[in-house]
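See below for the structure under consideration.
Being a predicted model, the structure only gives us computed values, none of them experimental. Just so you know, ligand 1 is whichever comes first in the structure, and atom 1 is the first atom listed for that ligand.
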Amino acid sequence: MSYTTEGQPQGIANILTNRIRESLISEIVAINQYNYHIHNSECASLVNLWIHIRDDEIRHFSMFSELLRKYDPMQQKMFEEIKGHVNIDFTNCFSLKSDNRINIPNSIRSDIKGELEAVILYEYVLSSNKYRDVYEVYNEIINDEKEHFEELSYAINKYDSTFGIKTHL
Ligand SMILES: [Fe+2]
Ligand SMILES: [Fe+2]
């Protein structure tokens, strides 16, 4: 229970694609932590170092995402499907809880983390399930969560490139 919200059951990543999802979660935790440090320090040289490392973590996230799509055909399908129906303009777009734009990327990444955790948990449930109706419900929801991952990933990529943050893509 190292990375989930407190009280939230955590699935066991017993297949490669879900180990990649756990790796994505690890990158998200790092990126959000560096962003927090970057935006809460006035030590310029340290901020520059954190920005450099944060950009590396963002690149790692992109590399793991590409690997995930390669080994999960449904994830790849969702990646292709969402192109065109997500359109986000970040101009004058501020966080809901404050007037500070810097909270937006961390919020989106936390959302992505939740979607990844959901897929890991639900696929773990299915790994020992033998009922057809259980499979059908979980499978439909899992596909939705994979779609949410792609929609949110699209949004964060757009945000990062809009603000000149280096990504792998
Ligand atoms: Fe990393
Ligand atoms: Fe979802």
Side-chain angles (χ1 to χ4, degrees), residues 2-13 15-39 46-88 96 104-127 129 134-161 163 165-169:
S2 60
Y3 58 72
T4 52
T5 310
E6 203 178 337
Q8 155 89 16
Q10 178 178 315
I12 294 172
I15 52 174
L16 173 66
T17 46
N18 282 337
R19 292 193 182 122
I20 297 172
R21 286 189 175 89
E22 283 192 331
S23 305
L24 284 163
I25 289 167
S26 159
E27 297 297 336
I28 287 170
V29 170
I31 295 163
N32 281 3
Q33 185 171 300
Y34 285 121
N35 270 338
Y36 180 82
H37 294 163
I38 288 162
H39 297 296
L46 204 45
V47 166
N48 284 338
L49 175 64
W50 281 325
I51 287 172
H52 158 74
I53 296 173
R54 188 269 320 266
D55 286 359
D56 269 351
E57 311 300 5
I58 288 174
R59 194 167 49 82
H60 299 165
F61 181 87
S62 294
M63 292 164 75
F64 284 144
S65 296
E66 286 176 12
L67 208 52
L68 177 62
R69 292 180 194 116
K70 185 176 174 189
Y71 284 92
D72 183 338
M74 182 55 69
Q75 196 67 63
Q76 176 66 27
K77 184 168 176 274
M78 292 305 180
F79 172 69
E80 282 156 20
E81 273 184 23
I82 64 103
K83 286 181 197 162
H85 84 245
V86 183
N87 194 16
I88 297 169
L96 294 174
I104 287 180
N106 278 23
S107 303
I108 301 171
R109 287 195 178 89
S110 294
D111 294 342
I112 293 174
K113 178 172 166 285
E115 300 296 343
L116 291 165
E117 287 168 352
V119 173
I120 295 168
L121 177 63
Y122 302 161
E123 288 194 342
Y124 178 62
V125 172
L126 281 190
S127 69
N129 166 66
V134 172
Y135 170 81
E136 282 170 1
V137 169
Y138 270 79
N139 193 50
E140 184 180 333
I141 294 172
I142 286 166
N143 291 345
D144 282 347
E145 313 304 10
K146 290 179 180 178
E147 183 182 19
H148 300 163
F149 170 83
E150 294 300 342
E151 289 165 337
L152 291 161
S153 290
Y154 179 90
I156 194 64
N157 249 318
K158 178 104 189 283
Y159 184 94
D160 285 349
S161 54
F163 291 94
I165 296 169
K166 292 183 276 312
T167 61
H168 182 63
L169 300 171

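The atom name of the N/O/S atom in H60 closest to the Fe ion (ligand 1) is ND1. Looking at E145, its N, O or S atom nearest to the Fe ion (ligand 2) turns out to be OE1. Considering just the N/O/S atoms of E115, the one nearest the Fe ion (ligand 2) carries the name OE1. The nearest N/O/S atom of E57 to the Fe ion (ligand 1) is OE1. Atom ND1 is the N/O/S atom of H148 found closest to the Fe ion (ligand 2).
A distance-only check finds no donor-acceptor pair linking the side chain of N18 to the backbone of R21 [under 3.5 Å].
A salt bridge between E115 and K146 is absent, with no side-chain N of the basic residue lying under 4.0 Å from a carboxylate O of the acidic one. Salt bridge status for D160 with R54: absent, with no side-chain N to carboxylate O gap under 4.0 Å.
In this structure, a donor-acceptor pair under 3.5 Å is present between the side chains of E57 and H60. Judged by distance alone, the side chains of Q75 and E150 do bring a donor and an acceptor atom under 3.5 Å apart.
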